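Below is one structure; the comments refer to it alone.
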Number of protein chains: 2
Amino acid sequence: MASRTRRPERRREPLSRERIVRAAVELLDTVGEAGLTFRALAERLATGPGAIYWHVTGKAELLGAAADAVLAEAIAEEDAGATPREAIRAVAVGVFDAIDAHPWLGAQLARAPSGSPTLRIFERVGRQVQALGVREARQFTAASALWNYILGVAGQNAANTRMVEPGTNRAEYLDAVATAWAELDPEQYPFTRTVAGRLRGHDDRVEFLAGVDLIVAGITAHR
Amino acid sequence: MASRTRRPERRREPLSRERIVRAAVELLDTVGEAGLTFRALAERLATGPGAIYWHVTGKAELLGAAADAVLAEAIAEEDAGATPREAIRAVAVGVFDAIDAHPWLGAQLARAPSGSPTLRIFERVGRQVQALGVREARQFTAASALWNYILGVAGQNAANTRMVEPGTNRAEYLDAVATAWAELDPEQYPFTRTVAGRLRGHDDRVEFLAGVDLIVAGITAHR
DNA sequence: ACCTGAACACCGTTCAAGT
DNA sequence: ACCTGAACACCGTTCAAGT
């Protein structure tokens, strides 16, 4: 009887780096960064924790691989026939939405930003900078600024969003912050008080893209 | 004899949130994020791990308080008589250098960006945006873009720098990356190959500030 | 070559007991 | 009110032993 009830599930396919990374992404998405554990991962893969180390050197590499996998998918499609500004916005939106869908990605990008997908982002942004007619000496700086903004600020925005407890309403939260800002000391925070109202109905994504536009405007501004 | 050799050090001052945070910053600076442990912290404070919980709710709050303390000091002095652009650069430099000196700060800002010093940064940047003559409807977006860039990208740059193993020479490292970039597939990475040379002798701080300038240029550009 | 899972050396946090 | 430190419930990682 014991042999009949033991592991009735179908024979599992062999372990592989790819399967491990896929399972890690699922775990990160469902139970968050704290939930990604070698024990939990092993259970999901119907094996022991040690088995994972045959395919992956450790947790840092696993997190990096998970981030690369998700980011690569996020920037997979390239839209031909777009203006440079539109193409840059498209990459930015891809990264933003990926972090929005996988909040752990933002923290990971801030920790170790140089996987192969991030290099692909640099390349794609750089080509659009060239297409904008920026002269060669300034191309690197322009591309770097956009690249850093996209990778760094998308994560920053996601962190802001994450701070809202999952239960609470986003609109309610913004309302509360707006009220708090409006009540700040007028001597110390005159500006913040003035713009507090802008927080209501404020959209992180729109604001993020407005920042991209400002950098593009700065790049193309001739003095 | 046992009583004579026990704890000959001077009587320690009472625990306080301030002392705990100060010790945490020291630990973070000397042994890094992984070295900040309640046991290590307790030893440094000549007490048990449990004592710390009387003054601080947990590790997350401790890290936040450490970040706030360091950041507050970094933006302490305000230089009067500067142009708006100079003043914005001054704030940006303060944040950049703070993260450079305390690498753990970048990761912390990416995780939870809203302590009171970050609000002070928003206020200071916002006032300069007003001083630039930006009309009211666009002030919030302009200040947000600068604020996000400063907080997000400074951390991003620091992460790049941190990836170099402490032993290796920075110039050597950049040289190696430049060489690797120059050898990328010309079909896939034409732009990155072109700018690979710019990496040699490249200064993160200068590049970071150039990004600030681009946003300022975008803000003040009139179409 | 690849997997297993017990064991090691840690963690953050709690809590009864002290002063 | 504040501190102590043992104990709890975990971690990531290693490694002898298996197939």
Side-chain angles (χ1 to χ4, degrees), chain A residues 2-3 5-67 104 107-108 111-112, chain B residues 2-3 5-67 104 107-108 111-112:
Chain A
S3 66
T5 50
R6 198 171 42 185
R7 291 222 166 276
E9 308 103 48
R10 58 172 146 21
R11 202 68 227 109
R12 49 168 220 280
E13 32 178 345
L15 229 45
S16 69
R17 206 187 128 93
E18 202 181 79
R19 267 191 77 217
I20 291 169
V21 171
R22 198 160 46 226
V25 170
E26 281 171 27
L27 221 39
L28 284 163
D29 286 347
T30 52
V31 280
E33 214 164 337
L36 178 63
T37 282
F38 276 82
R39 281 165 182 79
L41 192 56
E43 198 188 8
R44 212 182 175 91
L45 294 165
T47 181
I52 298 165
Y53 283 87
W54 185 262
H55 299 92
V56 148
T57 61
K59 195 169 187 183
E61 190 196 316
L62 188 57
L63 275 165
W104 50 272
Q108 186 51 32
R111 214 170 299 147
Chain B
S3 66
T5 51
R6 200 171 41 186
R7 293 222 163 278
E9 307 102 52
R10 56 171 149 21
R11 203 67 229 110
R12 50 170 217 279
E13 32 178 343
L15 230 43
S16 69
R17 206 186 129 92
E18 201 180 82
R19 266 191 77 217
I20 291 169
V21 171
R22 197 160 45 225
V25 170
E26 281 171 24
L27 221 39
L28 285 164
D29 286 347
T30 52
V31 281
E33 213 163 342
L36 179 63
T37 282
F38 276 81
R39 281 167 181 78
L41 193 57
E43 198 188 7
R44 213 182 174 90
L45 294 164
T47 180
I52 298 164
Y53 284 86
W54 186 261
H55 299 92
V56 148
T57 61
K59 195 170 186 179
E61 190 195 317
L62 187 57
L63 275 165
W104 50 271
Q108 186 50 32
R111 214 171 298 147

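Throughout, a chain's letter reflects where its sequence line sits, starting with A, and its residues are numbered from 1. All figures in this text were calculated on a predicted structure; none of them were measured in a lab.
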request  = Let me know the distance between CD of A:Glu33 and P of D:dC10, rounded to the nearest Å.
outcome  = 19 Å
message = In this structure, how many angstroms lie between the P atom of D:dG12 and the CG atom of A:Leu27, rounded?
response = 11 Å
key: Euclidean distance, atom CZ of residue B:Arg19 to atom P of D:dC2 [Å, nearest integer]   = 14 Å
Rounded distance [0.5 Å steps], CG in B:Leu27 versus CG in B:Leu41 = 6.0 Å
task = Just compare D:dT13, C:dC11, C:dC2 and give me whichever is closest to any side-chain atom of B:Arg39.
result = C:dC11
note = The answer to which of B:Gly50 and A:Gly50 contacts DNA chain C further toward the 5' end, by nearest nucleotide, is A:Gly50
query = Counting any heavy atom closer than 4.0 Å, what does A:Leu36 reach on the DNA or RNA strands: base, sugar-phosphate only, or nothing?
reply = sugar-phosphate
note = Heavy-atom nearest nucleotide on DNA chain D taken for A:Ala51 and for A:Thr37; more 5' hit belongs to A:Thr37
request  = When you get a sec, tell me which of D:dC3, D:dA6, C:dA6 is the closest nucleotide to the side chain of B:Pro14?
outcome  = D:dC3
ask   = Mind checking who D:dC2 pairs with, Watson-Crick or G-U wobble, both distances under 3.5 Å?
value = C:dG18
ask   = Tell me: OH of B:Tyr53 to P of C:dT14, nearest whole Å?
value = 7 Å
ask   = Any chance CD of A:Glu18 has more than 12 other-residue heavy atoms, nucleotides or ligands included, within less than 6.0 Å?
value = no
message = What is the separation between atom CG on B:Leu15 and atom C1' on C:dT19, rounded to the nearest whole Å?
response = 15 Å
message = Can you tell whether the side chains of B:Arg22 and B:Glu26 come within less than 4.0 Å, N to carboxylate O?
response = no
ask   = Within this structure, what is the NZ-to-P distance between B:Lys59 and C:dT14, rounded to whole angstrom?
value = 14 Å
query = D:dA7 pairs with which nucleotide, Watson-Crick or G-U wobble, both distances below 3.5 Å?
reply = C:dT13
remark   = Quick note, A:Trp54 side chain, CB onward, closest among C:dA6, D:dG12, C:dC3 is C:dC3
key: Protein-nucleotide distance (A:His55, atom NE2; C:dC2, atom C1'), rounded to Å   = 7 Å
query = Between D:dC3, C:dG12, C:dA6, which nucleotide has the shortest distance from any of its atoms to the side chain of B:Phe38?
reply = C:dG12
request  = Would you kindly give the CG-to-C1' distance between A:Leu62 and D:dC11, to the nearest whole Å?
outcome  = 15 Å
task = Any chance you could measure A:Leu28, atom CG, to A:Leu36, atom CG, to the nearest 0.5 Å?
result = 4.5 Å
ask   = So, are B:Glu33 and B:Lys59 salt-bridged, with charged N and O less than 4.0 Å apart?
value = no
